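Numbering starts at 1 and runs along the sequence shown. Keep in mind the model is a prediction, meaning the values are calculated, not measured.
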Amino acid sequence: MKNYKNGAFYLLVTGGFSALIYWIINEGKNLEANKTIIKSGIENGSWNDFLDSMLHNLKDPLAILLAQIVTIILVARFFGWVFKKIGQPTVIGEIIAGIVLGPSLLGMYFPEFSATLFPVESLGNLKFLSQIGLILFMFVIGMELDLKVLKNKANEAVVISHASIIFPFALGIGLAYFVYDKFAPEGVKFMSFALFMGIAMSITAFPVLARIVQERGLQKTRLGAIAITCAAADDITAWCLLAVVIAIVKAGTFVSSLYIIGLAAIYVLTMLFVVKPFLKRIGELYVTKDTLVKPVVAIFFLTLIISSYATEVIGIHALFGAFMTGAIMPDVPKFRTIFIEKVEDVSLILLLPLFFVFTGLKTEIGLINDPYLWKVTGFIVLVAVVGKFFGSALAAKFVGQSWRDSFTIGALMNTRGLMELIVLNIGLELKVLTPEVFTMMVIMALVTTFMTGPALDFINFIFKQNEAEVPEIIVNSNKYKVLISFGNDEKGKSLLRLANCLTKKQKKTTSVTAMHLYLSDEMHTFNTEEIEKESFVSLLEESKSLNQEIDTLFKATLDIENEITEVANQGDYDLLLVGLGKSIFEGTLLGKVIGFTTRIINPDRLIDKFTGKEGLFENSPFDERTRQIISKTKMPLGILIDKDLQNVNEVFVPIFTSEDSFLLDYAQKLIFNNSSKIEILDVNGDVQNNFVMQSVVESLENKYPNNIKLMQEDGVKKEFLASKDIMIISLESWKSLVDSQSDWLSGIPSVLILKP
């Protein structure tokens, strides 16, 4: 009855008001008599009129801007992914994407399409959006600076950092002396041109450097800490210096610029002694996501906008204000992390690529159309590398670093990336740089950023060769090294218990390393230690309860399977242990699988993963990741299917073929180190028919009669399997077991799948 009443009411209201609307429109047509009516393009209803209307809509500024954003994000992400795959920073791919979409490629070969997608009149909108992206990005960069680190290592860092600025700055001014006559814009004073050339040569890309340090596992080393600190000090000094240079350029003379510099000094003091304490108080009150409500967020964003506006009005650029606001944010890691999460995705993914393309639209490689111009470009690159690389390296050596560490610091400080593009765009905007010089300097930024990775590899290669000439080492060469890679606490603890059972009585001749891979594209230097500490809290507690010493290894990556195999292969480990999920047998035959990255996937994937059969999930990303780990791992690999593994006392080891003989080595380790009771199932009689395996089993039976038992298949019942802590099986035998859909699978305990 209620539904009937609701339906009747709905029909009455919608029908009645529709009729009223129709009547009003008809009556309103009589009012057109005294008006001049302009007919729309599609009033006649023809297809051509409709197409004309669509073309008109496509030319609307908003439609053009949205089309630009979609194209830019897709192309930037693609090139970023490509360069990431070849071991280069993502930022290089995004810069290349900008150049590809600019006149250097798209504009040259597809001029009509380029003119349609990037008409001249639309570039203003693109510019302002990209500037908003830069303001948010510089805000994040300011927050990423850890000023405590600067205090702790100020002595060495300031010496290296300032040397890495003054050397290239002086060389840049010297270079300006030789190229000013031919390449400086008309009407620009030499001092303005020279100062910008100097600052462009001396900048370092702090975010790119920090990312490279983290990717190479240097963040916990003294070298990594010095490099990060130097880059932070470099960033602060360079941006202050840039503000002074902008003031001088805008004022025309140094004396005139003193007014701007004076106002800038008042601004900085206000931010440090008035705004910072105010923000700190708010940060202490609202430190969690629950308490960080919208009005509080609005206060911080308003501070950012006002600060950027103030520095733009003073004449030292809005980006300095954004950077300064980030630097004075409350010194609470959780608070900064929350804010970075709010800002970073919008700035890095949506708005920052617009800046790369806007830079690319102003970069015309075709302007460098003469051998002489390419020589000048090469000379600019040479001056940049000599000044930054050798300036940093020599200063590092002077303060007591080894040659290897000094050259490594030099290579890292030579990274320019996005920060260089920001400086160059400011120079072009102020008309201090010509399009030709701008293009040359963009090429220099690309080359110096691109060369960082290969330069570090080359330095490591050279010094490894030198170290190899000294027959020193082999201290730990006989150690049995185990690497466990875990995605969450429970899996990590199970893997550690297993590793401990394999090694506990041989602590002097074994080592266990626990690795946690943090699934992320970004790592912020101010909270890296905090994230790392949180990742290992449970595991370290477990290691204490087991009395098992462990080394820890922490990395952020988007390429988990390659990172696992690369670390394992390069570290000369004897066994790699990785984990699958607890609920693997729930629901269906094999249940859900929780992967290495702790993502829950479909239950049927385990079958496809280990058998390689054509199936529903054959092409799934998880299957491919697992196969890569199995195929690329050069040392023995153990895959633990974890069902709350607490003990490894009762162990079942099925031997399907003579190739499973290596499993007896693990059985022996468990008996010796953990006094485990091993029951070996000789499925096809291979143990009894193989002299070597039979000898090993007999030897173990003589030494440990209570710890080993050879059995026949008729003894394997569901109840028997349920009483075991773990089954240890070879990868090939596991494939056969799953292929046959054995009844064992319904009552199976935790499983360790081993690949020799």
Side-chain angles (χ1 to χ4, degrees), residues 481-504 512-517 538-539 542-543 546 548 550 560-561 564-565 567-568 573-586 590-601 603 605-607 609-610 622 625-627 629-630 633 635-654 660 662-663 665-667 669-670 673-674 676 678 721 724-735 737-738 744-745 748-756:
K481 298 169 66 178
V482 180
L483 173 67
I484 65 175
S485 177
F486 68 99
N488 63 41
D489 292 342
E490 293 308 312
K491 303 302 167 284
K493 288 192 283 189
S494 295
L495 289 167
L496 182 59
R497 291 183 202 114
L498 180 58
N500 180 62
C501 291
L502 288 166
T503 63
K504 68 168 71 170
V512 177
T513 301
M515 176 172 68
H516 179 68
L517 299 179
S538 296
L539 204 67
E542 186 70 18
S543 71
L546 296 171
Q548 172 70 61
I550 62 171
I560 286 181
E561 70 280 5
I564 290 173
T565 54
V567 170
Y573 290 97
D574 298 290
L575 177 64
L576 167 63
L577 292 175
V578 294
L580 296 182
K582 167 185 172 181
S583 54
I584 192 160
F585 304 111
E586 295 172 0
L590 292 177
K592 301 173 184 177
V593 180
I594 301 178
F596 301 128
T597 61
T598 70
R599 296 176 181 172
I600 298 177
I601 63 166
R605 286 183 178 174
L606 188 66
I607 296 176
K609 177 184 338 137
F610 290 112
F622 182 86
R625 284 182 173 178
T626 309
R627 289 193 185 100
I629 292 174
I630 292 172
T633 304
M635 78 289 302
L637 168 67
I639 302 165
L640 177 64
I641 301 172
D642 182 26
K643 293 185 74 178
D644 283 332
L645 181 68
Q646 298 294 327
N647 302 301
V648 189
N649 297 327
E650 301 291 334
V651 182
F652 172 53
V653 182
D660 289 351
F662 73 96
L663 296 177
D665 294 335
Y666 292 94
K669 283 180 179 293
L670 288 173
N673 287 288
N674 194 55
S676 300
I678 311 291
L721 289 170
K724 301 303 170 189
D725 295 316
I726 190 169
M727 178 175 82
I728 299 178
I729 188 170
S730 71
L731 178 60
E732 294 303 317
S733 296
W734 175 255
K735 290 178 183 179
L737 193 64
V738 175
W744 292 5
L745 298 172
I748 214 162
S750 295
V751 181
L752 178 63
I753 304 167
L754 287 166
K755 186 198 84 167

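- A side-chain contact (heavy atoms from CB on, under 4.5 Å) with V651 is found for exactly one of L752, L670, D725, namely L670.
- Between the side chain of R497 and the backbone N or O of N647, no donor-acceptor pair lies under 3.5 Å.
- Applying the side-chain contact (heavy atoms from CB on, under 4.5 Å) test between V653 and each of I729, I726, L663 identifies L663 as the sole match.
- Looking at heavy atoms from C-beta onward, L640 lies out of side-chain contact with V751 at the 4.5 angstrom threshold.
- Residues S730 and I753 are not in side-chain contact: their nearest non-hydrogen atoms beyond the backbone lie 4.5 Å or more apart.
- At a threshold of 4.5 Å between non-hydrogen side-chain atoms, the residues I564 and L517 count as touching.
- Scanning all heavy atoms of the two residues, the minimum distance from L754 to G638 falls at CD2-CA, 3.7 Å.
- Between F486 and G492, the shortest heavy-atom distance links the atoms CB-CA, 3.4 Å.
- Inter-residue side-chain proximity for L502 and N673 is flagged as unmet; no heavy-atom pair is nearer than 4.5 Å.
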Exercise. Under the side chain to side chain contact (heavy atoms under 4.5 Å, CB included) criterion, do M515 and I484 qualify, and how do the steps go?
Worked result: CA-CA 6 Å; M515 176 172 68; I484 65 175; over 6 Å; no
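- The shortest side-chain heavy-atom distance between K755 and F662 does not fall under the 4.5 Å cut-off.
- Atoms NZ and CD1, from K724 and I678 in turn, are 9.5 Å apart once rounded to the nearest 0.5 Å.
- H516 places no side-chain N or O within 3.5 Å of a backbone atom of S485 that could act as its donor or acceptor partner.
- Although no hydrogens or angles enter the test, the distance criterion places a donor-acceptor pair under 3.5 Å between the side chain of D574 and the main chain of K481.
- Of the inter-residue distances, the one linking K491 atom NZ with L577 atom CG reads 14.5 Å to the nearest 0.5 angstrom.
- Annotation: the span from S494 atom OG to L645 atom CG amounts to 5.5 Å, rounded to 0.5 Å.
- T513 meets the side chain to side chain contact (heavy atoms under 4.5 Å, CB included) test with L483, D551, L553, Y573; sequence neighbours excluded.
- In plain terms, the two heavy atoms of M727 and P749 that are nearest each other are N-CG, 4.0 Å.
- Contact record, D660 with P654: OD2-O, 4.2 Å, taken as the closest heavy-atom pair.
- For the pair K493 (side chain) and Q646 (backbone), a donor-acceptor distance under 3.5 Å is absent.
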For this session: Go through N674 and N649 one step at a time and tell me if the side chain to side chain contact (heavy atoms under 4.5 Å, CB included) criterion holds.
Result: CA-CA 7 Å; N674 194 55; N649 297 327; 3.6 Å; yes
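- For the atom pair CD of E542 and CG of L495, the computed distance is 11.0 Å after rounding to the nearest 0.5 Å.
- Here the shortest heavy-atom pairing between S750 and D644 reads OG-N, 4.4 Å.
- In this structure, CG in L575 is found 5.0 Å from OH in Y666, a value given to the nearest 0.5 Å.
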